[in-house]
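Beneath this line is the structure, given in structure tokens, with notes to follow.
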Amino acid sequence: MKRLTLSFDNGPFEGGTQAVLEALAERSLKSSFFLVGKQLTLPGARALAQQAKAEGHWIGNHTLSHDVPLGRGDAPNGHHVREIAGMDALLGNLKEAVPMFRPYAGKGILGQHVFSRCALELLRDTGHTVVLWNSVPRDWEQPADAWVARALADIDAQDWTAVVLHDRPNEAMTHLPRFLDEVLARGVEIRQDFPADCLPVVGGQQRNDTSALTGRN
Ligand SMILES: [Zn+2]
């Protein structure tokens with residue numbers, strides 16, 4: 001049986017997060033929300049994140065500012081500490097018992113800009129699970145429904161797809177209910193946990209090689 005794990009990045013978003021939560025609740029589905037600090041400090045955003053957590057979704061750290069990838073050579077001193085530990089502090093009681101971290105990659109493209117050695121060391125030392133992905137259907141591109149076909153093609157091509165979507169209040173997510181119904185109609189199991197090859201670090205333990213994702217700094 002094919003499997004799909006959903007995740008929603010860059011929020012919370014007023015309007016968008018509620019719509020996604022509703023679509024998931026109507027189908028009794030659980031997912032993960034990887035939050036960004038600059039969004040979480042907006043009015044009303046923390047209540048949205050708390051609602052997601054209360055409804056059984058997992059909440060993860062997706063950096064404080066979502067601007068410079070951790071492995072970029074020109075990242076300022078202490079950048080990884082602010083982005084990782086600063087966001088963990090902001091998440092506070094929203095964090096999972098084993099804290100989850102998803103790096104900012106820029107359009108979901110994996111490469112040596114994603115981590116620095118210092119960032120990975122900090123993530124291991126603080127017991128994080130690092131959560132990557134194997135499907136980025138580019139739900140930010142027009143036409144706004146084209147991501148659905150791209151995501152379905154990824155599901156066809158893989159045994160277990162971990163998709164990155166964004167719970168923005170835009171037209172793209174109005175196609176989420178149709179996407180979910182199509183996936184379920186195809187007999188794909190939608191589950192909350194992630195495939196092992198998307199988890200290079202689990203609870204602070206290195207599981208997969210990250211050299212292809214790590215810059216020299
Ligand atoms: Zn992001």
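Each ligand, and each atom within it, is numbered from 1 in the order the structure gives. Computation of the quantities below employed the complete heavy-atom set of this structure, encompassing side-chain atoms and omitting hydrogens, waters and symmetry-equivalent molecules.
Within the protein, the N, O or S atoms lying under 2.8 Å from the Zn ion (ligand 1) are N10 OD1, H62 NE2, H66 NE2.
For Q192 and T5, the side-chain atoms include no donor-acceptor pair closer than 3.5 Å. For the residue pair T17/D167, the side-chain donor-acceptor check at 3.5 Å is satisfied. Side-chain contact check for T161 and Q158: at least one donor-acceptor pair (N or O, by modelled atom type) lies under 3.5 Å.
A donor-acceptor contact shorter than 3.5 Å is absent between the side chain of W147 and the backbone of E141. Side-chain N or O atoms of T214 include none that pairs as donor or acceptor with a backbone N or O of R117 at under 3.5 Å.
Take H80 and apply the ring-ring contact (aromatic ring centres under 6.0 Å, His included) test, not counting sequence neighbours, and it matches no residue.
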